[in-house]
K.L.:
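Below is the structure I would like to discuss, written out as structure tokens.
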Amino acid sequence: MRVVVGISGGIAAYKAVNVVRALVLGGHDVHVVPTAAALRFVGRPTLEAISRNPVETDLYEGVAEVRHVALGQSADLIVIAPATANTLAKLATGLADDLLGTTVLASRAPLVVAPAMHTEMWENPATRANVATLVGRGVVVVGPGSGRLTGHDVGAGRMAEPGDIVAAALGAATTADVPTRTAAPPLRGAPVPDGMVGTRVLITAGGTREPLDPVRFLGNASSGRQGVALAEAARDRGAEVVLVAAHLEVPVPAGVDVVQVATAQQMLEAVRREAAAADLVIMAAAVADWRPAAVADGKLKKRDLGETFAVELVRTPDVLATIAAERPRAGQIIVGFAAETEPDHERLLALGRDKIAAKRADFLVLNEVGHDLVFGRQETAVTVLDRTGDVLGSAGGDKRSVADAILDFVVPV
Ligand code: CTP
């Protein structure tokens with residue numbers, strides 16, 4: 001495999017040499033692209049000797065071979081280790097003012113970044129937003145871990161170990177869509193935790209997308225706002241939270257572990273993995289119920305398909321019903337959502353009762369959705385049912401207050 005290893009300018013650059021070495025020993029063709037700042041920490045001869053390839057940094061070297069895009073176009077995988085706060089900001093904005101920037105922009109290969117910086121920089125809202133943007137685009141973020149940093153400080157921001165970076169990178173390359181878990185940094189100035197300390201909560205959020213060809217999918221209008229609000233509410237009560245996220249339109253919350261998934265099948269796999277340790281599972285995601293039976297390798301062309309063509313759809317797994325049937329942890333509470341377009345409240349409740357009975361969840365959060373209701377909006381209104389179909393209560397308002405009300409209903413006191 002042809003791997004580009006980008007190195008940006010931080011003290012952890014010396015550890016990147018081991019990332020390059022492990023990839024070369026693994027039989028890969030490794031091309032190192034250090035930023036100018038990285039070369040102040042580790043020398044070009046070292047990188048050339050270890051990678052066994054020439055090392056370029058300058059946009060204006062190799063212009064005849066259009067080197068500034070050729071490296072990216074030909075890469076099967078790009079790994080950036082360490083990724084400084086500055087490099088993450090450049091990647092998030094799509095800046096291409098050096099060879100690493102143009103290489104990344106000109107590539108369709110999976111991108112794996114291993115951030116390294118001081119804790120304050122990692123926790124800064126600007127960095128959080130940049131990381132969220134990158135994660136939202138499918139970039140795999142490895143680490144950072146916590147530990148001793150340069151100088152006397154200790155905290156989150158230490159680059160992941162080279163072995164872990166290589167493992168995550170190879171995983172991302174072999175199955176470009178393998179969900180990867182991103183550990184959350186500790187929150188600074190977190191609210192005082194209360195009732196959920198020691199509780200592990202798994203929340204699904206967003207909307208799955210089922211591919212039809214490399215550029216088209218069957219999706220839905222979920223923004224992920226309600227699931228993210230639930231994750232924040234549980235985190236603020238002191239819970240350990242993992243969010244299984246599909247195409248969020250809102251930033252991932254700080255202080256929450258995130259597993260990015262794309263399809264219903266991937267969501268099932270991630271939920272199965274994470275549910276074994278969860279005390280409370282809340283399925284707020286809008287999961288596609290069908291997927292195209294066949295996914296075309298190339299883009300479907302109008303000239304081949306004409307004015308109309310039919311797509312055969314097949315059912316996806318029901319994540320909620322599967323987990324509720326498996327109950328991987330004793331005493332676990334499982335909460336489902338129901339999105340219904342029924343305007344009549346009594347009939348809406350009847351649909352909710354049918355759904356909770358069919359899916360065998362412990363609670364069901366029922367909301368009425370429509371062309372202009374709920375999905376993507378800030379405000380919502382829900383009714384919560386228990387497993388016997390009894391109405392526990394209703395809540396309305398912004399999604400965060402509704403999230404708090406839902407937790408009040410479903411978390412045992
Ligand atoms: N759900 C799921 N897997 C699916 C479909 C839905 O886990 N393939 C979950 C959702 O996350 C939600 C609940 O099931 O918690 C109900 O989702 P909803 O879309 O309301 O119901 P469906 O099961 O899709 O049924 P229908 O669309 O026929 O009403």
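Sequential numbering from 1 along the given sequence is applied to the chain's residues. As the structure lists them, so they are numbered: ligands from 1, and atoms in each ligand from 1.
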K.L.:
Short question: side chain of T316, backbone of D289 - any donor-acceptor pair under 3.5 Å?
P.N.:
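Yes.
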
K.L.:
Report all side-chain donor-acceptor pairs from residues 298-311 shorter than 3.5 Å, counting only partners two or more places apart or in another chain.
P.N.:
none

K.L.:
Taking atom 5 (C) of ligand 1 as the point of reference, which of D354, D318, D289 owns the nearest heavy atom?
P.N.:
D289

K.L.:
What do the steps show when you test L91 against V104 for side-chain contact (heavy atoms from CB on, under 4.5 Å), and what is the final call?
P.N.:
CA-CA 8 Å; L91 293 172; V104 171; 3.8 Å; yes

K.L.:
Can an N or O of V287 be found at a distance shorter than 3.5 Å from an N or O of ligand 1?
P.N.:
no

K.L.:
When you measure from atom 18 (P) of ligand 1 to every protein heavy atom, which one gives the shortest distance, and what is it?
P.N.:
K355 NZ, 3.4 Å

K.L.:
With a cut-off of 4.0 Å, which atoms of ligand 1 are near a heavy atom of T316?
P.N.:
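Answer, ordered by atom number: 8 (N).
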
K.L.:
Heavy atoms of the protein only: does one fall short of 4.0 Å from atom 28 (O) of ligand 1?
P.N.:
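Under 4.0 Å from atom 28 (O) of ligand 1, zero protein heavy atoms found.
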
K.L.:
Determine, considering heavy atoms only, which of L268, L320, L351 sits nearest to atom 7 (O) of ligand 1.
P.N.:
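Considering heavy atoms of L268, L320, L351, the nearest to atom 7 (O) of ligand 1 sits in L320.
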
K.L.:
State whether the side chain of N220 and the backbone N or O of A286 hold a donor-acceptor pair below 3.5 Å, judged by distance alone.
P.N.:
yes

K.L.:
Do A338 and ligand 1 have an N or O pair less than 3.5 Å apart?
P.N.:
no

K.L.:
Please determine whether a side-chain nitrogen of the Lys or Arg among E240 and R235 lies less than 4.0 Å from a carboxylate oxygen of the Asp or Glu.
P.N.:
no

K.L.:
Is R327 salt-bridged to D362, cutoff N-O under 4.0 Å?
P.N.:
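Answer for the salt bridge query: yes.
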
K.L.:
Heavy-atom contacts under 4.0 Å between A288 and ligand 1: side chain, backbone, both, or neither?
P.N.:
backbone

K.L.:
Any heavy atom of K359 closer to ligand 1 than 4.0 angstrom?
P.N.:
yes

K.L.:
I'd like to know whether CZ of R360 has more than 12 heavy-atom contacts from other residues, nucleotides or ligands below 6.0 angstrom.
P.N.:
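Atom CZ in R360 is not packed in, count stays at 12 or less.
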
K.L.:
Just need the protein heavy atom nearest to atom 3 (N) of ligand 1, so name the residue and atom and give the distance.
P.N.:
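Result for atom 3 (N) of ligand 1: V319 N, 3.0 Å.
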
K.L.:
Measure the distance from atom 8 (N) of ligand 1 to every protein heavy atom, then report the residue, atom name and distance (to 0.1 Å) of the closest one.
P.N.:
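Residue, atom and distance for the closest contact: P317 O, 3.0 Å.
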
K.L.:
T204: heavy atom below 4.0 Å from ligand 1, yes or no?
P.N.:
no

K.L.:
Do A284 and ligand 1 have an N or O pair less than 3.5 Å apart?
P.N.:
no

K.L.:
Among protein heavy atoms, which lies nearest atom 13 (C) of ligand 1, and at what distance?
P.N.:
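Ranked first by proximity to atom 13 (C) of ligand 1 is F337 O, 2.8 Å.
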
K.L.:
Just wondering, are more than 12 heavy atoms of other shown residues or ligands nearer than 6.0 Å to CG in D297?
P.N.:
no

K.L.:
Which residue pairs satisfy the side chain to side chain donor-acceptor pair (under 3.5 Å) criterion with at least one member in residues 202-211, sequence neighbours excluded?
P.N.:
T208-E210

K.L.:
Which residue, T35, D97, T84, forms the side-chain hydrogen bond (donor to acceptor under 3.5 Å, both in side chains) with K90?
P.N.:
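Between K90 and the candidates, side-chain hydrogen bond (donor to acceptor under 3.5 Å, both in side chains) is satisfied uniquely by D97.
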
K.L.:
N/O to N/O below 3.5 Å, does that happen between G336 and ligand 1?
P.N.:
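Not met; the criterion fails.
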
K.L.:
Take atom CZ in R21; do more than 12 heavy atoms of anything else shown fall under 6.0 Å from it?
P.N.:
no

K.L.:
Relative to ligand 1, is A286 under 4.0 angstrom through side chain, backbone, both or neither, heavy atoms considered?
P.N.:
neither

K.L.:
Going by distance only, is there an N or O of A285 that falls short of 3.5 Å from an N or O of ligand 1?
P.N.:
yes

